[in-house]
Amino acid sequence: LIALSTPSGYHSRYLRIGPGPDGARLVPVDDSVLRRYLGGVGLGAWVLARETPAGVDPLGPEAALVFALSPLVGSPLTTSAKFAVVAIGPLTGRLCDALCSSHFALAAKRVGVDAICVTGRWPGPVALAVDGLGRVEPGVEAHDATDLWGLPAAEAERRLRARLGHDWHVSAIGPAGEACIPFATISHDGRHAGRGGLGAVLGSKRVKALAVRGDHRTPLADPQRTSRLARDLSARSLGPATEKYRELGTVANLLVFNRLDALPARNFSEGHFAEAERLAAVDLAPARKLARNSCAACTIGCEHIYELGGRRAGVRLEYESLFALGPLCGVSDPDAVLRASALCDDCGLDTISAGGTIAFLMDAAEQGWIDDRLPSGRRLRFGDGEAVVELLSLVVERRGLGAFGALGSRRAAEVIGGDAPEVAMHVKGLELPGYHPRALHAMALGLAVGTRGADHNRSSAYDVDFSGRADRRCGGPDTVPHVIEAEDRAALLDSLILCKFLRGALTEFHAEAGAMLSAVTGWDVETDELHATARRIIDLRRAINQREGWTRAEDTLPARLLVESPAEGLSRTRLEAMIEEYYQRRGWGADGRLPPGRMAALLGCADWCLP
Ligand code: SF4
């Protein structure tokens, strides 16, 4: 199947894979859809909406899981080797998408498709191999993966490549995904599509891994212009705007956030961690840093690998892992944090949700709501890094306190009952990332209205707080346009896809993004069109949530974060005023719902209008 009108940068088709002999099918994608949703989280949402029936059980066989590529993948533009994974998330029951990087993105695009959609459930563990090498239509084979079941994702990836050949690239799940832990990750080359439990969706299908290879290269509409833009972008990616990421990595955020009272500690009961200095990047780096690394096709190289006794490959550490497994649990021992982070990687657990859930259980234990004894005899208490490591090791087997841990904080709180839901720090079921909303009011709004739950990446509203574009401690209607602008920009970056760490180097964002898209695809893309595209992608993501049963009450923050009086900071009144203004500026109803006509127009099918 070759589409009649294929813009450069695309293959104009996606591959649907399901169990059974007729399970693989190519589906054409119209030029207009590609231009309207671009790729990544935008195109992934569009494919998901087509392939998933409304109200689906996220872990049921009918649920679809989409690997979505983008027009820029395979181009010389720095940081563009990325893919999105999109599904209905098991933690939230709402749209979930996560980005991951590197050679898998390049190889998947060379298969000759713009997305791969996995549906159904296989009877036993399989590794799906999608082969586009020398074929017009990719071949799909389901290999028995019994011998890979139980292995960490990285080891499964290594063994599968050894078996299939090193021209294959692999995304895989770890034991947490196999066990359908609702915050399990999908991994490739040590990077993770981390948030929201996409690994559990793949595990529910008994798919251990997806392997891809191919030789379909999409032509560039204007190769000279693309090369010029790529050279310029690479040069700027080595400038001051990305220096922090290159020199110290995202862990450098820790002390900065602490100074701003924005570092969540002890299950968000505080925004400052007195022992933060022990975890500071400047001290971690000289004592423990093993290497710096980067995703494929990236000139920045933000990955910092730290030494951990007995682990040859070391541990990749990001700010979010450091905050969640450290201060959020009251832990200041760098060794314990590194071990916990390594354990999350080996099991295939999202570090933010893992740390958030453990911090919630520590709170519940200190309140006397649960039996707090661990098998070692330790009691679960804030500040005990060994307890964090021990509890993590119980989660995948759902053993002892691990049975609570395996539920995520919202569900665990519901099971514990009483006042426990009051201290479960999540939005829509997804645990909060490392930005304390009390000190960052633009971020507070971004987290409350986020499609996939408490989400910093799709919102990026922290930029508004940190840049001073709005008073970070006095959020109000004036804050809202800045939050919308940040969210719209993130929708474009995540659909094009370019790494967010590049954003500081893009001084005229829309003009530059339009120039890149034009050079690759041949479309004449102006700034106005990109604004409209961003809004459409955000509308589509909300429309999917609306279809899945979203209610107005979900757009909020946990009560612990809100004070009584607006004069004292982030109150419910203040937050609600921002949310109302946000809905109005988005053109949604006062109840936060898309107008029915807009729902229909998004997919061109009337059943989307139904509440
Ligand atoms: S900046 Fe970091 S996360 Fe972004 S593409 Fe480069 S190495 Fe990957």
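Order of appearance sets the numbers: ligands from 1, and atoms from 1 within every ligand.
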Which protein non-hydrogen atom lies closest to atom 4 (Fe) of ligand 1, naming both residue and atom, and how far is it?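 Here the nearest protein heavy atom works out to Cys499 SG, 2.3 Å.
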Closest non-hydrogen protein atom to atom 2 (Fe) of ligand 1, residue and atom name please, with distance?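 I find the closest protein heavy atom is Cys302 SG, 2.3 Å.
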Counting heavy atoms only, name the option from Ser101, Cys298, Cys295 that's nearest to atom 6 (Fe) of ligand 1.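 Comparing heavy atoms across Ser101, Cys298, Cys295, the nearest one to atom 6 (Fe) of ligand 1 lies in Cys298.
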Counting heavy atoms only, which part of Lys82 comes closer than 4.0 Å to ligand 1: side chain, backbone, both or neither?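 Lys82 to ligand 1: side-chain contact only, backbone stays beyond 4.0 Å.
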Hey, which atoms in ligand 1 end up nearer than 4.0 Å to a heavy atom of Ile300?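 Near Ile300, meaning under 4.0 Å from one of its heavy atoms, ligand 1 has 1 (S).
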Closest heavy-atom pair and its distance - Pro327, Leu254: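 Where Pro327 meets Leu254 most closely, the heavy atoms are CG-CD1, 4.1 Å.
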Taking every non-hydrogen atom, the tightest pair across Glu320 and Tyr435: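 The answer is OE2-CE1, 3.2 Å.
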Of all the heavy atoms in Phe501, does at least one lie under 4.0 Å from an atom in ligand 1?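 Yes.
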With Val47 as reference, evaluate Val29, Val33, Val66 under the side chain to side chain contact (heavy atoms under 4.5 Å, CB included) test and give the passing residue.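 Single side chain to side chain contact (heavy atoms under 4.5 Å, CB included) partner of Val47 among Val29, Val33, Val66: Val66.
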Are Glu512 and Thr507 close enough that a side-chain donor and a side-chain acceptor fall under 3.5 Å?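 Thr507 and Glu512 do have a side-chain donor-acceptor pair below 3.5 Å.
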With distance as the sole criterion, is a donor-acceptor pair present between the side chains of Thr92 and Lys428 under 3.5 Å?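 On atom types as modelled, these side chains do not qualify, holding no pair under 3.5 Å.
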